[in-house]
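All values below come from the heavy atoms of this structure, side chains included, with hydrogens, waters and symmetry mates left out.
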Amino acid sequence: MSEVFDFGIEGYRPEWLNGHSAVAASRGEQLRALIGRPLTHVWLVWEVPNDEWFSDCPVLLDFSGEQVEINHAKFDDVSITWNTVDPHQPVLWPDFDLRWRHDMRHEFQALQGQILQDVELLEWIGNDMAKGAVAINFRFPYSRLTVFNALDENGLSFGPPDSRYRRIPLR
């Protein structure tokens with residue numbers, strides 16, 4: 001068995017999935033179970049010298065003690081894991097000074113404490129190399145948060161999903 005790259009995060013073992021059907025079958029029930037819970041923190045790995053998000057590492061969403069860890073790689077890989085990362089521990093990536101930081105963006109501060117109303121998968125249907133990539137969209141009373149594949153790293157968007165996504169309810 002080959003060693004899984006842990007992104008310099010102790011205890012993190014991504015479980016890569018491809019396609020909305022695989023994600024829904026493997027993680028849909030757990031994602032839906034978050035509905036009704038408040039978002040308490042969003043943790044990102046921060047590159048300290050440049051004071052910017054290091055988007056290769058997973059995005060951690062803490063829903064009142066239930067933590068979902070989302071990571072994208074390549075053009076269509078997504079990993080969704082649960083409660084495996086301790087954001088109080090160091091991130092050890094050679095040649096980088098990285099730290100977990102929470103609520104670094106004003107959009108996160110606006111979402112903090114909001115109750116999750118729905119979660120759905122989004123499949124990119126644009127005619128480009130990202131076609132088929134899966135994003136996860138979280139709907140709150142006053143906004144949305146989408147964690148998407150930004151071509152071998154994570155991307156974040158706030159507000160309604162891009163029209164080039166096909167929405168896939170998790171029912």
Taking the ring centre of each residue, are F108 and F158 less than 6.0 Å apart?
yes

Are any side-chain N or O atoms of T40 and backbone N or O atoms of S64, one a donor and one an acceptor, separated by less than 3.5 Å?
yes

Hey, does V147 have a side-chain heavy atom less than 4.5 Å from the side chain of H72?
yes

Single hit among F7, F96, W100 for ring-ring contact (aromatic ring centres under 6.0 Å, His included) with F54
F96

Sidechain-backbone polar pair: D6 side chain, R13 backbone, donor-acceptor under 3.5 Å:
no

Between the side chain of D77 and the main-chain N/O of W16, is any donor-acceptor distance below 3.5 Å?
no

Measuring from atom OG of S21 to atom CD1 of I168, what distance do you get when rounded to the nearest 0.5 angstrom?
7.5 Å

Go through the steps for Q30 and W82 under the test side-chain hydrogen bond (donor to acceptor under 3.5 Å, both in side chains), then give the verdict.
CA-CA 9 Å; Q30 286 177 291; W82 300 86; 3.0 Å; yes

Pairs meeting criterion salt bridge (charged side-chain N to carboxylate O under 4.0 Å, His left out) with involvement of residues 80-98, two or more places apart:
D97-R99

Examine distances only and state if a side-chain atom of S79 and a backbone atom of P14 form a donor-acceptor pair shorter than 3.5 Å.
no

Answer yes if L34 and V134 sit in the same cluster of Ile, Leu, Val, Met, Phe, Trp and Tyr residues linked by side chain heavy atoms under 4.5 Å apart, and no otherwise.
yes

Centroid-to-centroid, W124 to F148, below 6.0 Å?
no

Has the side chain of D76 got a donor or acceptor atom that lies under 3.5 Å from a matching backbone atom of N18?
no

Looking only at atom types and distance, does a side-chain atom of E69 sit under 3.5 Å from a main-chain N or O of N83, one as donor and one as acceptor?
yes

Taking atom types as modelled and ignoring hydrogens, do the side chains of W43 and D62 form a donor-acceptor contact shorter than 3.5 angstrom?
no

Just wondering, more than 12 heavy atoms not from E66 lying within 6.0 Å of its CD?
yes

Side chain proximity check, Q114 to L39, heavy atoms < 4.5 angstrom:
no

Kindly say whether the aromatic ring centers of W93 and F5 come within a distance under 6.0 Å.
yes

Is there a path from V42 to V78 through hydrophobic residues (I, L, V, M, F, W, Y) whose side chains come within less than 4.5 Å of each other?
yes

State, with a plain yes or no, whether a side-chain heavy atom of L145 is found less than 4.5 Å away from one of L61.
yes

Any side-chain heavy atom of V48 sitting closer than 4.5 Å to one from L98?
no

I need the full list of salt bridge (charged side-chain N to carboxylate O under 4.0 Å, His left out) pairs touching residues 112-137, with sequence neighbours left out, sorted by first then second residue.
R32-D118, E120-R144, E120-R167, E123-R166

Decide whether T146 and N137 meet the rule of one side-chain donor and one side-chain acceptor closer than 3.5 Å.
yes

Taking R27 for its side chain and I80 for its backbone only, find out whether a donor-acceptor pair lies under 3.5 Å.
yes

So do Y12 and T81 actually touch side chain to side chain, heavy atoms under 4.5 Å?
yes

